[in-house]
Participant: 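Take this structure first; my questions come after.
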Amino acid sequence: MAIRPILIIPDARLRAVADPIIEIDDEIKTLAKDMLDTMYDAPGIGLAAPQLGVMRRMVVMDLAGEDEPPAPLVMINPEITKFGDQMQVTEEGCLSIPELYYEVERPAEVTVKYTDLDGKDVVKDADGKLAVCIQHEIDHLDGVLYIDYLSRLKRDRVIKKFDKAAKRAAG
Ligand code: K2U
Ligand code: ZN
């Protein structure tokens, strides 16, 4: 059980593109476990490896309700292969942009292709909150944050707030 610190903007690693995973070795398996431990502790429903400062293409999520058994998903090298035509607006937050929530419009359905921890190739159709989470997490692997979908005014206001906080913390 290892809970790791979650990077907060403006950390530059949150804007970098993560590298594909070639071999699912013990390091990757430990990382997946630490990502899930960290996500549950936050608490959150998703987490991407770059949020822990690890520039590898892996995301985890668990959308099970509080009164349901955990249903962890680990996606290695995930790719969205299809976007539905319909759009949905949902409220999003981000563990790397704490305590802010904004409405974001995204495709309501996606098809995602990934490799699971056992090395099996998986193709999964998703809608609703799972579709949002998959898009939010895969964006993290490409250095894209949900605030990038807001108006320039709102996004710049968020960036300015965290830039100021980072400067104050640096002293
Ligand atoms: O990547 C992250 O920062 C984890 C997010 C993932 C997420 C954000 C918005 C919508 C779906 C997934 C965290 O779980 S933030 C906590 C949260 C949970 C539900 C809705 C909004 C925010
Ligand atoms: Zn996020």
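Computed over heavy atoms, backbone and side chain alike; hydrogens, waters and symmetry mates excluded. Order of listing sets the numbers, starting from 1, for every ligand and every atom in it.
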Participant: May I ask you to decide whether R168 forms a salt bridge with D163, counting only side-chain N to carboxylate O separations under 4.0 Å?
Facilitator: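 D163 and R168: not salt-bridged.
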Participant: Is there a heavy atom of K129 sitting under 4.0 angstrom from any atom of ligand 1?
Facilitator: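 Under 4.0 Å: yes for K129.
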Participant: With respect to atom 22 (C) of ligand 1, which of A48, G93, P50 exhibits the smallest heavy-atom separation?
Facilitator: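 It is G93 that holds the nearest heavy atom.
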Participant: Strictly by modelled atom types, are T115 and D121 linked by a side-chain donor-acceptor pair under 3.5 Å?
Facilitator: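 Yes, side-chain donor-acceptor contact under 3.5 Å.
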Participant: Please classify the M61 to ligand 1 contact at 4.0 Å (heavy-atom distances, strictly less than): side chain, backbone, both or neither.
Facilitator: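 No part of M61 is near ligand 1 at this cut-off.
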Participant: Say whether M39 and ligand 1 are in contact under the criterion: heavy-atom distance to a ligand atom below 4.0 Å.
Facilitator: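 Flag not set, M39 not near ligand 1.
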Participant: Would a search of protein heavy atoms around atom 4 (C) of ligand 1 find one under 4.0 Å away?
Facilitator: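 There is a protein heavy atom less than 4.0 Å from atom 4 (C) of ligand 1.
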Participant: Counting heavy atoms only, which part of H136 comes closer than 4.0 Å to ligand 1: side chain, backbone, both or neither?
Facilitator: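 Side chain only.
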Participant: As an exercise, identify every atom of ligand 1 less than 4.0 angstrom from a heavy atom of C94.
Facilitator: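 In order of numbering, the contacting atoms are 3 (O).
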Participant: Which ligand 1 atoms are under 4.0 Å away from a heavy-atom of G44?
Facilitator: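 What qualifies from ligand 1 is 14 (O).
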Participant: Picking from Q86, Q88, Q135, what satisfies side chain to side chain contact (heavy atoms under 4.5 Å, CB included) with P107?
Facilitator: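 Filter result, single survivor: Q135.
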Participant: Say whether L95, considering both its backbone and side-chain N or O atoms, lies within less than 3.5 Å of an N or O atom on ligand 1.
Facilitator: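 L95 vs ligand 1: N/O contact under 3.5 Å present.
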Participant: Say whether C133 and ligand 1 are in contact under the criterion: heavy-atom distance to a ligand atom below 4.0 Å.
Facilitator: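 The answer is yes: ligand 1 sits under 4.0 Å from a heavy atom of C133.
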